Amino acid sequence: MLLRHTPEQFVERQALTINPAKTCQPVGAMYAALGIHGCLPHSHGSQGCCAYHRSSLTRHYRDPIMATTSSFTEGASVFGGQANLVEAINNIFTLYNPEVIAVHTTCLSETIGDDLSQIIRKAQAEGKIPPGKTVIHTNTPSFKGSHVTGFANMTQGMVSYLAENTGKRREQVNILPGFVEPSDMAEIKRIATELKIKTILFPDTSGVVNSPLDGKFHMYPRGGATLEEIRSSGDSQFTLALGRTASLAAAKLLDTKCGVPFEVLDLPIGLRATDALIDSLRKIAGVTVPESLEVERGQLVDVISDMQQYLYRKKVSLAGDPDHLLALAQFLSDLDMEILHVVTGTPAGAKFENSLRQFVGESCEIKQGATADLFAFHQLVKREKPDLILGNTYLKYIARDEDIPYVRFGFPIYDRMGHQYFPIVGYRGGLRLLEKILGALMDRQDRDALEESFELVM
Amino acid sequence: MLLRHTPEQFVERQALTINPAKTCQPVGAMYAALGIHGCLPHSHGSQGCCAYHRSSLTRHYRDPIMATTSSFTEGASVFGGQANLVEAINNIFTLYNPEVIAVHTTCLSETIGDDLSQIIRKAQAEGKIPPGKTVIHTNTPSFKGSHVTGFANMTQGMVSYLAENTGKRREQVNILPGFVEPSDMAEIKRIATELKIKTILFPDTSGVVNSPLDGKFHMYPRGGATLEEIRSSGDSQFTLALGRTASLAAAKLLDTKCGVPFEVLDLPIGLRATDALIDSLRKIAGVTVPESLEVERGQLVDVISDMQQYLYRKKVSLAGDPDHLLALAQFLSDLDMEILHVVTGTPAGAKFENSLRQFVGESCEIKQGATADLFAFHQLVKREKPDLILGNTYLKYIARDEDIPYVRFGFPIYDRMGHQYFPIVGYRGGLRLLEKILGALMDRQDRDALEESFELVM
Amino acid sequence: MIEILEDRKTQVYENRREDSAFAMTCDKGSLAGSVSQRACVFCGSRVVLYPVADALHLVHGPVGCAAYTWDIRGALSSGPELHRMSFSTDLREKEVIYGGEGKLYCALTELIPTYKPRAAFVYATCIVGLIGDDVAAVCRRVAAEQGIPVIPVHSEGFKGTKKDGYAAACNALSQLIGRDDAGAAPEIGINILGDFNVAGETWLIKEYYREMGVEVVSCMTGDGRVDEIRRAHRASLNVVQCSGSMTALAETMKERYGIPYKRVSYFGIEDTASALYEVARHFDDPTVLKKTEHLVRREINRILPEIQGYKAVLQGKKAAIYVGGSFKAFSLVKALRHLGIATALVGSQTGNSKDYEVLRQLCDEGTILVDDTNPLELSRFMKEKQVDLLIGGVKERPIAYKMGIAFCDHNHERKTALAGFEGMLNFSREVHASLKSPVWRFSPTRKS
Amino acid sequence: MIEILEDRKTQVYENRREDSAFAMTCDKGSLAGSVSQRACVFCGSRVVLYPVADALHLVHGPVGCAAYTWDIRGALSSGPELHRMSFSTDLREKEVIYGGEGKLYCALTELIPTYKPRAAFVYATCIVGLIGDDVAAVCRRVAAEQGIPVIPVHSEGFKGTKKDGYAAACNALSQLIGRDDAGAAPEIGINILGDFNVAGETWLIKEYYREMGVEVVSCMTGDGRVDEIRRAHRASLNVVQCSGSMTALAETMKERYGIPYKRVSYFGIEDTASALYEVARHFDDPTVLKKTEHLVRREINRILPEIQGYKAVLQGKKAAIYVGGSFKAFSLVKALRHLGIATALVGSQTGNSKDYEVLRQLCDEGTILVDDTNPLELSRFMKEKQVDLLIGGVKERPIAYKMGIAFCDHNHERKTALAGFEGMLNFSREVHASLKSPVWRFSPTRKS
């Protein structure tokens, strides 16, 4: 009854978000920037933003998250943040010596109207950027899109500043992994390696936000896509953009800027989406799929077949980010589950809804954008109670209040570990998701079983 | 209250096992035999044994488990099972055409006193064993030891029949993985591969009992140690026997028979035991540990440090097999948990208890062998309630009755999936175990939290 | 191509309508060396007696026999659950050499005062037969000392087949029957034999009889109670489901108490209806008959529309059936027909030659009949016949799945009641669910 | 070697006992480009007002400010939990261009009738300052229309530091205070200021005062209620914990109502004891004094033995402290001493120069003092000083762990009450648990 303030009755809201199912762009940009090796994300705004994003990512990853801020004051907001940023760039290279600074804006600097390209050029001109060092930026107004948009924008910023077409095509494929976990990025790389394909995957936060305890504090952990790799993405044969919302912008720009053709795929969550990724990779690189991957696939299919009776027609409601929801809905429908509700705070457009509709049927309630918040999700779930909900940590209130089995999925997850290390993409990731879903459903069956029907063999 | 028949009061039992914490040898032998590629396990006894073992393994793995039986009748039990076995060998090669038949005995054939070596020789002499085909055997009287002993005996049988010292040492290390899951065996091989060490691992059930759905029924799935590999184990530099109970016998015999020196290590469950395995491998092969493994290790240490407050002094009770319990107890003590009770139905001797004592402290109650059953375990848990219990599927009754968080661990697991695919050995396996343990503890904390202290960030 | 062993050729038959020479070999021991799906004598006894919930079940033998049969079967009890505990004498080497009678005596005298069961069953396993323990003598002694029936079950694994285990169980039950004559016998009273209350099926069936006005004196093997069994001879009809396991007891009771019996099946619409009608007709009571008619009509009307819906979708699919008893196989062939599904392969572990003749008559031209088959044969025929669905038990399930074939568990591990009208609905749902599961789209061989 | 920026050199100081020239630079904005652990004005306001559980907290701005502060703090409520909901006007581009007053008005008029809060706080965020919304006017209008206090909180993120946010919050609270004069004022009554009831700490402290015979009129920021705050001016003493955040309000109340205040800390044995004694002495009532003495004696006797036990084990360990407010830092240095732990490094986000002088006096020779530090400095000094334990908040925790250093959370995410005597026990346990965790054995650099 923590959420006693959620009435079942819907009231049309005009101007209000209650318990948001999204957050703002800069945190996504910061996360993306961490996916460059030796990069220090920089928040061009007041201190609080940077602190909040760092705290948020620290809670989610339980790892140190480094980022700097322009520390806006009242002055900056009147006279513009140019001085702050130039000073910041100077200080950062002096003190923290990163390879690259990745600047993102905030609602503040956006509203002021700071011209980041110009400021960075100025810093360059004034010699504040040491030789061999790089500063890139992207615009991430907090009052547009969501954290996913911020991720997409920073990825696009990487292309914009770094990707070069040297005129010499390389035997390599770009993969834009989307706003996924470091474990997922590592798994996508492993799959490509199994296929013997050289890939340039960026951003790549594996080894950055899930780094080992080795007795030292590393300002720049071992992981991340190197500048050289990202530069060379302009010479790649092809780009696979995983997830339209998070990866399309960068892929498009790579095409426009460097002539690298691209294809947008769903995030490789679940069987079919992984099939699609592997199939695309196979075709692009002209390789054959090795037995190892076929075995992984077959194991996933096998488990689905084994456990079908526990999945059949189970009703499920989802909240999260568009790219995740799309792939997840496909997977769940392939598991013979019925999707009742899908809610994302990120405005994802008609294309999203149309794609989703293939997997969820006509009766499913889809909400996106303004007022598509967790309050609305809670109301939906109250009206028609599913057997399972999937979504971020905030869903725990709803799971408790409505007594519904719950699997943590997406961002943020503040109260459990695992997502940092175990992928949910690929066939193995599908197995993991399946294990979690089955665990939640079967634990509930066990809990609710009458004593006489409490079962040993399930 | 399913187990309402468990009183808290201990009564010394003389002659009785209630809710056993073990089962009989043959099922272990059958499982081990499945770890040879192209092998058909054969149960020399009446039909029921074979059916029970197959059902049991099928429930645990959700995969087809193939094995044949001598189909004893009253006649056989009077006149001996020689005729049945010779006929069986003939029929099996005619009908099922395996590479090797691995025969184990049962209480019945043991009590009758069938001399398997002699019978197999006779079958050979009578031409019932086609050229190039092999029959091996081991003795697995059901009235001695337990399923673990049966596994150990069959592994020893492999050495006895197959291992050869050709006089030419090979640059390879034998690993006897013990009675672990196929996922564990695969993980041990992966670790050795990371170390760039050639290993002969047997038995190896990976790819046999967790095979993919590929649209066909395979009598002999792709996995398993090949005969050639096992033969060559006699030429290896060294043998690492993981788990004294399951692997010592075979390692000893490899030493006696082929002069391959050996070392007994704990099952590589948890941090220290994995360190020990990797360290031994490193020393034997004279290699350095690659960064990839150091990172995995550091990630495990990192998560332990991150989550220490949820583990600190949590009380835990364990039931299972000796080798597993030993390694698990070490890991849990490294997690700062306090082990209250350890129960194994397998008689494992004073050495087991002494080794265990290092990790569990003086006040821990250790029970093994006769009357060390799950009834006794339940009584212990009633007397002093732990925060968590770990053990096989049968513990679900106790978890329910006493309302204790519970993590499935060991054999058999009849009501969940996962163990077939995700290892618990190695550093990654440690992470998985940790995730499960933390999940159980934190789910309970969430369940029991008062509304006002129901926490988002944990 | 895979061969069928010479010895097994007469246990496999492809149906031709006009076949005067039909002679299925069956009722014989599995070949040594086959991957038989069959179990042993002990298994047969244990399965039948297991649902007697207020009895003590002590397995006298090495620990395995007790361990493998510990609560693996969902035979539900509405009250006591002593049957779900696993008691074993856990015989060790010492007893194999010196005998286990002492340990058995000791175990019983430890257990009975503690658990105060209404009766105890002591299962003799393989080894007990060999070491020569006089189990019956120990049981007599303990019975005398403790004042409850202590009944030896002669279930040494090697002494025959699962059927012999059924017989041993029937024998054990017959020792309880007739021990209680108190009170008046019901006018219209039956015993239900051979229903195990898996997933609560007995409760469903009992409810039908209640509605018909027929009193159930005992259901010995489903939600069973010792005291009911002791009064079972007061019934005037035995209704035998799972004919394989319980006909022996019905015969005994016929001989001993003159109680007639009827073999029935509660699987499928026709068989359930005719079971109830047969019982009703037996008593020749117009009220009972009327109530039965009403019940059957109502139930069929209730379930038929949904079933028709499934049929529309499933029409033309092909099934394989491999179950323990042949009587169940008959019902399944018919039930599947209701769903528009033809049976391309059917077999049982324990059918006799009469059963197979019935099956042959029931099945279509070309249907393959098998007795005591093995996975290789089974998978071969399923592939040849391009079967879409297999109905079987735990060991068959993963074989079907690996081949991308749907599956319905009609054995101990079924999770929903498949008996009665409601059961037919559940069965249809399960078959529909598995056949229409999206997972088969991902099987390499069966993209549909 | 890592450099300290020229500009930051005066914010880092290595303690020398006799240092007349000590002049710590502090109280200044973080440098542009530093990895500051500091937050913004909004953060300061939000943190202070958050625990007012029956108020509506509406964040007027883009969604992020509301999202990041949604229930991340364990400030417990014994009743209503409206404060744990996240309400935001979720300003979008349109409002940035055309202004957000309409949306704000609309949001408030949708919310207030639905949730019927006792008051509403409207937080202005960065952007609101820029687009020039007249938040105060909207609040006035809604207050008039809805009949509850609707209070603007001027917490535009860039308009200063977290401290300015505290001030804005104090200002907002002061608008509630004095609105209710009903009933008699208590004779011995206090307000608790600056305790946030994290992990139920306020409840602990309140219980002490109850036992002492001191009535708590309001605890504004811990398990807070609007009605209590409205009556807060009826107290005769303000007891200020977390001096950084609430001294401003105490000053205001002193000016406006003549209520004196005392700055106290409830962390550690001495500080808790002297806090209680100070309050008791203030009222100069022998009964209160006696009760206080009794309470303090009893509590210290209760906890000391266990603490001594930890001390025996922890003696000689070295700690680093980096917390938000410097007052807490004082207490921690003393509390650690009780455990035999020396403080090798101490710093705060918001200390002023007086605070640092106190700290300097308190600390040992050689202790490093830092103001507004960053991870690089922090880790460098922790390594140099071979520190065994860090006390800090969420962003510091993983830094310590990566270095194989124990950690105790003394910020919002602490899970046990660390205030009061009981809190000292909890603190000791936590410090002991982390310092003695076996995990450090597995850190490459700190095999101990």
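Chain identifiers are assigned alphabetically (A, B, ...) following the order of the sequence lines, protein sequences preceding nucleic acid strands; residue numbering begins at 1 within each chain. The model shown is predicted, which means the values in this text are computed figures rather than measured ones.
Here D:S379 contributes atom OG and A:H218 contributes atom NE2; the two are 10.5 Å apart, rounded to the nearest 0.5 Å. Expressed to the nearest 0.5 Å, how far CG of A:L108 lies from CD1 of D:I127 amounts to 8.0 Å. Note that the CG atom of A:D214 and the OG atom of D:S443 stand 8.0 Å from one another [nearest 0.5 Å]. In this structure, A:Y52 OH and D:C65 SG are separated by 7.5 Å, a value rounded to the nearest 0.5 Å. Note: D:E156 CD to A:S46 OG = 10.5 Å, rounded to the nearest 0.5 Å. To the nearest 0.5 Å, atom CD1 of residue A:I18 and atom CG of residue D:L111 are 5.5 Å apart.
Comparing D:I131, D:V41, D:D71 by how many heavy-atom pairs each has under 4.5 Å with chain A, the most go to D:D71. Annotation: maximal heavy-atom pairing with chain D below 4.5 Å, among A:S77, A:G45, A:C50, occurs at A:S77. For the set D:Y115, D:F87, D:Y401, the count of heavy-atom pairs under 4.5 angstrom toward chain A peaks at D:Y115. Heavy-atom pairs under 4.5 Å with chain A were tallied for D:E95, D:K103, D:K395, D:K162; the largest tally goes to D:K395. Counting heavy-atom pairs under 4.5 Å between each of A:V86, A:N84, A:T69 and chain D puts A:T69 at the top. Among A:Q25, A:R54, A:E110, A:H42, the residue making the largest number of heavy-atom pairs under 4.5 Å with chain D is A:R54. The candidate with the highest count of non-hydrogen atom pairs below 4.5 Å against chain D, out of A:Y397, A:F72, A:Y414, is A:Y397. For the set D:S88, D:P62, D:A67, the entry with the most heavy-atom pairs within less than 4.5 Å of chain A is D:S88. Of all the listed residues (D:L82, D:L91, D:T89), the one sharing the greatest number of non-hydrogen pairs under 4.5 Å with chain A is D:L82. Each of A:T23, A:T17, A:N19 has some count of heavy-atom pairs under 4.5 Å with chain D, and the biggest count is that of A:N19. The choice from A:K22, A:M219, A:R13 that makes the most heavy-atom pairs within less than 4.5 Å of chain D is A:K22.
Not one N or O on the side chain of D:R397 forms a donor-acceptor pair closer than 3.5 Å with the backbone of A:P64. Using modelled atom types, one side-chain atom of A:Y96 and one backbone atom of D:V35 make a donor-acceptor pair closer than 3.5 Å.
A:F217 has its side chain out of reach of D:K383: every pair of non-hydrogen atoms, C-beta onward, lies at least 4.5 Å apart. The shortest distance between side-chain heavy atoms of A:M66 and D:L376 does not fall below 4.5 Å. Counting heavy atoms from C-beta on, the side chains of A:E87 and D:L31 come closer than 4.5 Å. At a threshold of 4.5 Å between non-hydrogen side-chain atoms, the residues A:D63 and D:K402 count as touching. A heavy-atom distance below 4.5 Å is found between the side chains of D:W440 and A:L213. Within the 4.5 Å cutoff, the side chain of A:D373 has no heavy atoms near those of the D:V63 side chain. At least one side-chain heavy atom of A:L16 sits under 4.5 Å from a side-chain heavy atom of D:L58.
In this structure, chain D has heavy atoms under 4.5 Å from both the backbone and the side chain of A:V27. For D:E93, the parts sitting under 4.5 Å from any heavy atom of chain A are the backbone and the side chain alike. Using a 4.5 Å cut-off between heavy atoms, D:E413 contacts chain A through its side chain alone, with no backbone atom that close. If you measure heavy-atom distances from A:S56 to chain D, the contacts under 4.5 Å come from the side chain alone. Residue A:R62 touches chain D through its backbone alone, counting heavy-atom pairs closer than 4.5 Å. When heavy atoms are compared at a cutoff of 4.5 Å, A:F93 does not approach chain D at all. For a residue to count as touching a neighbouring chain, one of its non-hydrogen atoms must lie under 4.5 Å from one of that chain's; by this rule A:P20 touches chain D with backbone and side chain alike. With a 4.5 Å cut-off on non-hydrogen atoms, A:P212 touches chain D through its backbone but not through its side chain. Contact annotation for A:P41: neither backbone nor side-chain heavy atoms come within less than 4.5 Å of a heavy atom of chain D. Contact annotation for D:T114: neither backbone nor side-chain heavy atoms come within less than 4.5 Å of a heavy atom of chain A. Looking at A:I65, neither its backbone nor its side chain comes within 4.5 Å of chain D, counting heavy atoms on both sides. Neither the backbone nor the side chain of A:S43 comes within contact range of chain D; no heavy atom of the residue lies under 4.5 Å from a heavy atom of that chain.
Environment of NZ in D:K415: crowded, with over 12 heavy atoms of neighbouring residues, nucleotides or ligands closer than 6.0 Å. Annotation: D:R118, atom CZ; neighbour count of heavy atoms from other residues, nucleotides and ligands within 6.0 Å does not exceed 12.
Taking all atoms of both residues into account, the shortest heavy-atom contact from A:G215 to D:P444 is N-CD, 4.0 Å. Closest heavy-atom contact between D:R92 and A:K144: NH2-C, 3.4 Å.
Between D:W70 and A:Y394, the ring-plane angle classifies as parallel under the 30° and 60° cut-offs.
Inspection of the D:Y68 and A:S55 side chains reveals no N or O donor paired with an N or O acceptor under 3.5 Å.
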